[in-house]
Amino acid sequence: MSVYDELASAQRSLDELIRYVKRLEQQLGSGGLEMRRVRVDADRLRESLALLKEADPALAKAKRSDLVSIPDTPYDSSLWTDSDDEGLGAHHGPGH
């Protein structure tokens, strides 16, 4: 796995952990010392992961290896010479 994939996986896991912490807080209340510590620890993990991404320019600019950039230049129209304009209407107008 690339560093980008590892960071994305860690972020997803952390997001899930934070959702569970919120559910526990709703069930147990947020006033107890233990619950506050769990919430603070989860928030600290979120901040630490964000700092890790920002600390190294290579990590901040990490790109997924499976993404392909598509240029803005027009496509070569000769690629479609053998295709029909199905659904776009007739080339010759009505009645032909």
Side-chain angles (χ1 to χ4, degrees):
M1 277 185 132
S2 72
V3 173
Y4 175 87
D5 293 334
E6 294 290 349
L7 285 171
S9 179
Q11 185 65 55
R12 284 190 302 272
S13 297
L14 184 54
D15 291 342
E16 187 174 0
L17 172 68
I18 290 171
R19 281 192 299 275
Y20 284 118
V21 168
K22 287 180 181 178
R23 288 181 192 168
L24 284 171
E25 225 173 352
Q26 290 172 349
Q27 293 175 1
L28 301 174
S30 58
L33 175 63
E34 295 83 4
M35 192 67 243
R36 285 193 313 243
R37 285 191 67 176
V38 169
R39 183 177 9 93
V40 167
D41 289 345
D43 290 340
R44 186 171 293 138
L45 281 171
R46 183 190 339 212
E47 292 171 10
S48 296
L49 188 58
L51 288 172
L52 178 63
K53 290 178 186 177
E54 294 171 6
D56 185 351
L59 292 176
K61 295 179 181 178
K63 293 184 178 180
R64 292 181 58 170
S65 60
D66 61 338
L67 295 180
V68 177
S69 61
I70 300 173
D72 292 332
T73 56
Y75 287 108
D76 180 6
S77 61
S78 67
L79 293 172
W80 291 278
T81 57
D82 63 341
S83 65
D84 293 330
D85 290 334
E86 189 173 314
L88 298 178
H91 285 288
H92 309 293
H96 282 87

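Just so you know, residue 1 is the first one in the sequence shown, and it goes up from there.
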Would you please name every residue forming a salt bridge (Lys or Arg N to Asp or Glu O under 4.0 Å) with E6, sequence neighbours left out?
none
Sequence-distant partners of R39, salt bridge (Lys or Arg N to Asp or Glu O under 4.0 Å), two or more places apart
E25
Donor-acceptor pair, S9 side chain versus D5 backbone, under 3.5 Å?
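Checked: no pair found.
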Which residues pass the side-chain contact (heavy atoms from CB on, under 4.5 Å) test with R37, not counting sequence neighbours?
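Applying side-chain contact (heavy atoms from CB on, under 4.5 Å) to R37 gives L33.
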Contacts of E16 that satisfy side-chain contact (heavy atoms from CB on, under 4.5 Å) - sequence neighbours left out
R19, Y20
For D15, enumerate each residue passing the side chain to side chain donor-acceptor pair (under 3.5 Å) test, keeping only those at least two apart in sequence or located in another chain.
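Here the qualifying residues are Q11.
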Scan the side chains in residues 41-49 for donor-acceptor partners under 3.5 Å anywhere in the protein, sequence neighbours excluded, and list what turns up.
| unit_1 | atom_1 | unit_2 | atom_2 | d |
| --- | --- | --- | --- | --- |
| D43 | OD1 | R46 | NH2 | 3.4 |
| S48 | OG | R44 | O | 2.9 |

Taken to the nearest 0.5 Å, the spacing of L17 CG from L24 CG works out to 9.5 Å
To the nearest 0.5 Å, how far apart are CD1 in I18 and CZ in R23?
13.0 Å
